[in-house]
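These numbers were taken from a predicted model, which means no experiment stands behind them.
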Amino acid sequence: MRNIHLRYVEEKYGKDGVLSEYKMKCPEDFNFAYDVVDDIGTNDPERRALVWCDVHGNDKTLTFGEMMRYSNKAANYFLSLGIKKGDAVLVVLKNNYQFWYVLMALHKIGALGIPATFMLKKHDVEYRVNAASVKAAICISGDGLPEAVDAAENIPTLEHKIILGGPREGWHDLEKGIENASDSLARIPSKITDPMLMYFSSGTTGHPKMVLYDHTYSIGHISTAKHWHDVDPDGLHLTIADTGWAKVAWGKLYGQWFMEAGVFVYDYDRFVPDDVLRVISKYKVTTLCCPPTMFRMFLNDGNLKDHDLSCLKHATIAGEALNPDVYYKWLDATGLKLMEGYGQTETTLTVCNTKGMIPRPGSMGKPSPQYRVDIIDAEGKSCPAGVTGEIVVGAEPRTPGLMVCYYRDPEKTAETVYGGWHHTGDIAWMDEDGYVWYVGRNDDIIKSSGYRIGPFEIESVLANHPAVKESAVTGVPDDVRGQLVKATIVLRDGYEASDKLKKDIQDFVKRETAPYKYPRVVEFVKILPKTLSGKIRRVEIRNSDNK
């Protein structure tokens, strides 16, 4: 192990052994693909970089030496097509292992990589290509995406269509092109301030925003892997996420490879808890990160007792707030504490339970020493302990890991970054010991009869009712109160929806928290709408109720 990450960070620890100070060093010509991947590939070529398997039992291991070689070949292939520094390239490869060396190749040639979900439709393709002036699209066959690209109209900047799993008329064959390319590549000069990566981040209204990062972004993820995921350089880390989402940059790439750890990738189309538990056991995954919803599914739908999970040494959780009941049930089943963390597409990890901390179930942890984090009121003043406000992150000077801007949208950037802060739009409060407790999104907050009610608190109470398997709490319009609290509930097996059960659940909430927070509206459903990464889509429930 070469301890590459120590070239880029300075750390100090408190008497309790917990990280207390953290500074990053960003060389002017730093490029992750050359300075991390190729460094390990040259000096420790047999070190395991990635272990991939799929639902059919196929698997593949790629070393850092192979990752260097294949990314060089891919870079030469892209250059032969005329793709060069500054060109925007849409990358939609799901969880296929080619994604990793394709993205490294784009970093090497200085192109702007834009990972995206395979669920894009014709109008999504048109918007993204035109918004970012995309020059090339690299797509996987199947799921209708190449068809959506072919059907897209008025996209004059798109010059190259490259397919994995082809052939397809009008498309270049990715694997053939890489296979025929040279594996020798001279370093192409770049600056750390050059654009490197971009994600489209959807909000509740309007078109998705384009979140732009430069090469400092990768350095911003060292603390994610080292102090939160606690990755083992000789182990395997699994973050459950599709490559179309920024969570992959958090958990399946930059920080993990800075720490010289192997990344584990399970390529599946549908999340089946027992299948995931099986591969964790089979491949000896040592550290795991996924959303609370998936941990709930492991506990509710998976047969934990049938799987040997002794290989797991550390578990982290992010993507939505963690209900304490999940924390305690997982601890009881595995002996592992769930170490919660928080951040956004626009940031890296900003609030977390770092290695050595004692988590408080339901709290996201404490602000990371990497950032200047505060909770402020509507006037921009720091909130005292126990008072709810907005989480903000210091933006002047910009810390490595924070977005550069919303690409080509200075107005939206100015709406988010002002007063020296990056405004997250997330509402929380801090206790007297510095632990941060999530309340909800600005647009999730329910305003009823003058009260401001966060959905997460009510969902946490509902999770303790024996009949409730999952729930989502939202506000519905009301002429008298402004909004009513609504609970959309999935029942556990053995329970049937009824007016009697509805009243029992309402009375339970009244007993367990302030009575004004109880759900006056209760709807029983079979499933809750979720994103691919497992987050509950409250906005979809709200939109349905407002029709």
Side-chain angles (χ1 to χ4, degrees), residues 48-63 66-67 69-71 73-74 91-104 115-120 138-149 162-168 171-179 235-245 247-248 251-253 256 261-291 293-295 297-298 301-304 306-309 311-312 527 530-534:
R48 187 171 55 178
L50 184 141
V51 175
W52 170 93
C53 70
D54 67 12
V55 294
H56 305 296
N58 302 306
D59 60 16
K60 187 177 183 69
T61 297
L62 287 169
T63 65
E66 290 171 317
M67 196 61 65
R69 179 170 175 266
Y70 284 123
S71 61
K73 288 170 75 70
V91 182
V92 188
L93 293 175
K94 296 179 74 173
N95 271 324
N96 287 270
Y97 58 82
Q98 291 88 347
F99 170 84
W100 278 262
Y101 55 73
V102 162
L103 194 61
M104 292 304 100
T117 172
F118 64 92
M119 295 188 295
L120 301 181
I138 304 172
C139 303
I140 185 164
S141 63
D143 294 309
L145 184 62
E147 290 78 6
V149 174
I162 306 166
I163 195 165
L164 173 65
R168 182 178 178 86
W171 290 68
H172 303 289
D173 187 316
L174 177 67
E175 289 184 293
K176 187 177 291 184
I178 292 175
E179 181 184 344
L236 283 177
H237 176 77
L238 168 60
T239 285
I240 301 178
D242 180 87
T243 59
W245 309 107
K247 189 68 185 296
V248 164
K252 299 172 95 159
L253 183 53
Q256 293 69 35
V263 169
F264 181 73
V265 180
Y266 179 39
D267 190 0
Y268 65 86
D269 290 320
R270 186 173 70 90
F271 178 79
V272 179
D274 268 336
D275 288 350
V276 176
L277 293 171
R278 175 181 54 79
V279 298
I280 287 173
S281 176
K282 178 180 177 180
Y283 291 92
K284 307 300 180 189
V285 171
T286 50
T287 51
L288 170 68
C289 182
C290 59
T293 297
M294 291 184 179
F295 279 103
M297 292 176 74
F298 288 141
D301 304 319
N303 297 307
L304 279 171
D306 295 338
H307 303 281
D308 179 7
L309 301 181
C311 56
L312 275 180
I527 58 172
K530 295 174 184 173
T531 67
L532 272 182
S533 59

remark   = Tightest non-hydrogen contact, residues K247 and C289, listed as NZ-SG, 3.6 Å
task = Kindly indicate whether the side chain of M104, heavy atoms from C-beta on, has any atom under 4.5 Å from the side chain of L253.
result = yes
query = Would you say H237 and T286 make side-chain contact, with heavy atoms under 4.5 Å?
reply = no
inquiry  = Using 0.5 Å steps for rounding, measure from the CD1 atom of I138 to the NE2 atom of H172.
reply    = 10.5 Å
remark   = Closest heavy-atom pair, Y283 versus L236, reported as atoms and distance to 0.1 Å, is O-CD1, 3.4 Å
ask   = Heavy-atom distance under 4.5 Å between the side chains of V285 and L309, does that happen here?
value = no
query = Does some side-chain heavy atom of L62 sit less than 4.5 Å from a side-chain heavy atom of W100?
reply = no
query = Closest approach of C53 and V279, non-hydrogen atoms and distance?
reply = SG-CG1, 4.2 Å
query = Knowing that exactly one of D242, D269, T117 qualifies, which makes a side chain to side chain donor-acceptor pair (under 3.5 Å) with K94?
reply = D269
ask   = With side chains defined as the heavy atoms from C-beta onward, is the minimum distance between I280 and L312 less than 4.5 Å?
value = yes
ask   = L93 and I140: which non-hydrogen atoms are nearest, and at how many Å?
value = CD2-N, 4.1 Å
query = Using 4.0 Å as the upper bound for N to carboxylate O, is an ion pair formed by R168 and E147?
reply = yes
key: Beyond-backbone contact of I240 with L238, side-chain heavy atoms, under 4.5 angstrom   = yes
query = With distance as the sole test, does K252 use its side chain to make a donor-acceptor pair with the main-chain N or O of V263 at under 3.5 Å?
reply = no
inquiry  = Do F99 and P115 have side chains that approach each other closer than 4.5 Å (heavy atoms only, starting at C-beta)?
reply    = yes
key: Any residue meeting side chain to side chain donor-acceptor pair (under 3.5 Å) with T243, in chain and number order, not counting sequence neighbours   = none
inquiry  = Taking atom NZ as the centre, does K176 end up with more than 12 heavy-atom neighbours from other residues, nucleotides or ligands that are less than 6.0 angstrom away?
reply    = no
message = Set out, in order, the CA-CA distance, both residues' side-chain angles and the distance that settles ring-ring contact (aromatic ring centres under 6.0 Å, His included) for Y266 and F271, then state yes or no.
response = CA-CA 10 Å; Y266 179 39; F271 178 79; 9.0 Å; no
query = With no hydrogens and no angle check, do the side chains of D267 and Y97 hold a donor and an acceptor under 3.5 Å apart?
reply = no
key: Trace of the side-chain contact (heavy atoms from CB on, under 4.5 Å) decision for W171 with C139   = CA-CA 10 Å; W171 290 68; C139 303; 4.0 Å; yes
key: Separation of Y268 OH from N95 CG (nearest 0.5 Å)   = 7.5 Å
task = Report the C-alpha separation of T61 and R48 in whole Å, then their side-chain angles, then the decisive distance to 0.1 Å, and conclude whether the side-chain contact (heavy atoms from CB on, under 4.5 Å) test is met.
result = CA-CA 7 Å; T61 297; R48 187 171 55 178; 3.9 Å; yes
task = Evaluate the side-chain contact (heavy atoms from CB on, under 4.5 Å) criterion for residues L304 and L277: first the C-alpha distance (whole Å), next the side-chain angles of each, then the deciding distance (0.1 Å), finally the verdict.
result = CA-CA 8 Å; L304 279 171; L277 293 171; 3.9 Å; yes
ask   = Which distance, rounded to the nearest 0.5 Å, do you find between the CD of E66 and the NZ of K73?
value = 12.5 Å
query = Is there side-chain contact between E175 and D173, with heavy atoms separated by less than 4.5 Å?
reply = yes
ask   = Shortest non-hydrogen contact from G165 to S141?
value = O-OG, 3.1 Å
note = On a heavy-atom basis, the closest approach of I178 and Y70 is CG2-O, 4.4 Å
key: Gap separating the CG atom of D274 from the CG atom of N303, nearest 0.5 angstrom   = 4.5 Å
key: Short side-chain to backbone donor-acceptor contact, N96 and Q98, under 3.5 Å   = no
query = Under 3.5 Å, side chain of D143 to main-chain N/O of L145, donor-acceptor pair present?
reply = no
